[in-house]
Amino acid sequence: MSNVKAWQQWNLIPRVLQDLSLGHTRAKLVERECAWPVLIAPMAALGWVHAQGETGMALAAGSQGCGLVVSNQTNTPMHEVARALRTDAQAGPLCWQQQLSRSTVSAQLELAQAAERCGYEAVVLTIDAPVQGVRDTERRAGTRTPRPPLAHPSPHSPALPTSGLCQGLAANAPRWTEVQDFLHHSPLPVWIKGINHSDDALRALDQGARGVIVSNHGGRVLDTQAPTAHRLEVLAPTVRRHHPQASVWVDGGIRRGTDVFKALALGAQAVMVGRLALNAFAHSGALGVAQALRQLRDEFEATLTLCGCATLADIQPEHLERTWG
Ligand SMILES: Cc1cc2nc3c(=O)[nH]c(=O)nc-3n(C[C@H](O)[C@H](O)[C@H](O)COP(=O)(O)O)c2cc1C
């Protein structure tokens, strides 16, 4: 089932006649108080989508009080993206996303140090895509890499074995030892992105991650992977029991304010949006993204109000009803 459909499978149960006079949507994300708990997910090569590139996306996020996770595969250097957002006190946290392989831990740590110097506040470590998924649509469309080129080419990897899974690529996939090494030396707090199993969440947090992100890469890596709404429901209570201070974020299929509400009711502290922002960006650049985010926020505030919640702390699992099983 798709991520989008899974959110729609939950029905809302409003509570009425509550005191909403001091209501707000403020939330603590990374180290700051933000207007609402939404970040833009890391997406590679935004310069291929719109000429404004990552800087345009950053300005749109800042204008709507959203956080931004910048992919390490950008067309704009990391310091230029940071400059667009860093001085904006209203913006959400600025995070830097990167990807480990077995041979690149020290190079990735250098990148994290560079990100810290630029003003990034956290690292998002993506661990669920050591090899490319099977992308039939891209193949059929004959997709080729356009310009401009990437600003941070991947660190050099040594020669791979010529046999083994995925032409030897799987041998270079990171393991828990590399993640532990990275967490131990990272200059910034780390969120691990691509977690779907409770045991993996606990292991990441036991090793020192500040939080985990329930994500299946927007369904782009492993076909028929379980939707994130389903995995969040299982994983969030386990994390809360064992690591009450840790934060759980989720992405995948978030399109409406009701989806944001449902994610929080299932135990997430924040959500990330990918295609919602990307499609608006392709259509009308930063202005389009700002409008899409504003609409998402209006929908979320209306949902909060109509469900009788003054603040995010009032959102409970009891506001949801399963429509299956
Ligand atoms: C075009 C595109 C590029 C992406 N690039 C990255 C990336 O560089 N790093 C990463 O961790 N995730 C990447 N993702 C996955 C997103 O961060 C996110 O997990 C996903 O888009 C969320 O699902 P949604 O698009 O339904 O909101 C990409 C997604 C898209 C659509």
Side-chain angles (χ1 to χ4, degrees), residues 1-6 40-58 60-61 68-78 80-81 97-101 103-104 111 124 126-174 193-194 196 213 215-228 251-255 272-289 292:
M1 176 189 302
S2 80
N3 285 331
V4 173
K5 244 196 183 140
I40 294 182
M43 283 173 290
L46 294 175
W48 299 348
V49 176
H50 193 282
Q52 293 167 349
E54 286 80 13
T55 309
M57 189 64 94
L68 177 70
V69 186
V70 180
S71 167
N72 71 321
Q73 294 182 285
T74 59
N75 304 114
T76 317
M78 61 157 75
E80 280 183 33
V81 189
Q97 178 264 322
Q98 37 190 104
Q99 211 146 347
L100 279 182
S101 71
S103 52
T104 59
L111 206 54
V124 165
T126 301
I127 41 75
D128 64 349
V131 296
Q132 276 265 19
V134 178
R135 297 183 178 177
D136 297 340
T137 316
E138 277 181 23
R139 279 190 205 170
R140 254 184 245 123
T143 310
R144 267 177 290 142
T145 305
R147 305 223 153 246
L150 294 175
H152 304 278
S154 301
H156 177 71
S157 293
L160 296 170
T162 47
S163 61
L165 294 176
C166 300
Q167 288 100 39
L169 283 171
N172 206 28
K193 175 174 183 275
N196 287 271
I213 305 177
S215 172
N216 56 24
H217 226 99
R220 288 160 55 85
V221 172
L222 177 60
D223 212 9
T224 70
Q225 196 172 332
T228 49
D251 74 13
I254 301 279
R255 302 288 185 270
M272 302 201 303
V273 293
R275 290 177 185 83
L276 179 139
L278 190 78
N279 294 345
F281 195 51
H283 188 269
S284 338
L287 190 61
V289 178

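By convention here, the first residue in the shown sequence is residue 1.
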Checklist entry - Can you tell me if Thr228 uses its side chain to pair, donor with acceptor, with the backbone of Asp251 under 3.5 Å? => result yes
Next on the checklist: Working note: Asn196 + Asn216, criterion side chain to side chain donor-acceptor pair (under 3.5 Å); need CA distance, chi angles, decisive distance, verdict.
Outcome noted: CA-CA 8 Å; Asn196 287 271; Asn216 56 24; 5.2 Å; no
Next on the checklist: Just so I know, are the side chains of Leu165 and Val131 near enough to count as touching, which here means a heavy-atom distance under 4.5 Å?
Outcome noted: no
Item to check | Nearest atoms (heavy-atom pairs only) where Asp128 meets Gly194 | outcome: OD2-CA, 3.6 Å
Item to check | Separation of Leu287 CG from Gln52 CD (nearest 0.5 Å) | outcome: 8.5 Å
Item to check | Qualifying residue for side chain to side chain contact (heavy atoms under 4.5 Å, CB included) with Met78, from Asn72, Val70, Leu111 | outcome: Leu111
Checklist entry - Met272 and Pro42: which non-hydrogen atoms are nearest, and at how many Å? => result CE-CD, 3.9 Å
Checklist entry - Could you give the distance from OG1 (Thr74) to CD (Glu80), rounded to the nearest 0.5 Å? => result 9.5 Å
Item to check | Check: Ser2 side chain, Lys5 main-chain N or O, donor-acceptor pair, under 3.5 Å | outcome: yes
Checklist entry - Is the backbone of Ala129 close enough, under 3.5 Å, to the side chain of Gln99 for a donor and an acceptor to pair up by distance? => result yes
Checklist entry - Which heavy atom in Pro227 sits nearest to a heavy atom in Asn3, and how many Å separate them? => result CA-OD1, 3.3 Å
Next on the checklist: If I compare all heavy atoms of Ala58 with all of Val81, which pair ends up nearest, and what's the gap?
Outcome noted: CB-CG1, 4.0 Å
Next on the checklist: Taking Glu54's backbone N and O only, do any of them form a donor-acceptor pair with Asn75's side chain (distance below 3.5 Å, no angle check)?
Outcome noted: no
Checklist entry - Step by step, would you call Met57 with Met43 a side chain to side chain contact (heavy atoms under 4.5 Å, CB included)? => result CA-CA 10 Å; Met57 189 64 94; Met43 283 173 290; 4.3 Å; yes
Checklist entry - Is it the case that more than 12 heavy atoms not belonging to Leu222 sit under 6.0 Å from its CG atom? => result yes
Next on the checklist: Under the criterion side chain to side chain contact (heavy atoms under 4.5 Å, CB included), I'd like the reasoning laid out for Gln97 against Ser71: C-alpha separation, chi angles, the key distance, then a yes or no.
Outcome noted: CA-CA 5 Å; Gln97 178 264 322; Ser71 167; 3.4 Å; yes
Item to check | Least distance between heavy atoms, Pro174 atom then Ser101 atom | outcome: CD-CA, 4.2 Å
Item to check | Check against side chain to side chain contact (heavy atoms under 4.5 Å, CB included), His217 and Lys193 | outcome: CA-CA 9 Å; His217 226 99; Lys193 175 174 183 275; 4.2 Å; yes
Checklist entry - Can you name the one residue among Leu46, Val289, Ile40 that meets side chain to side chain contact (heavy atoms under 4.5 Å, CB included) with Leu278? => result Leu46
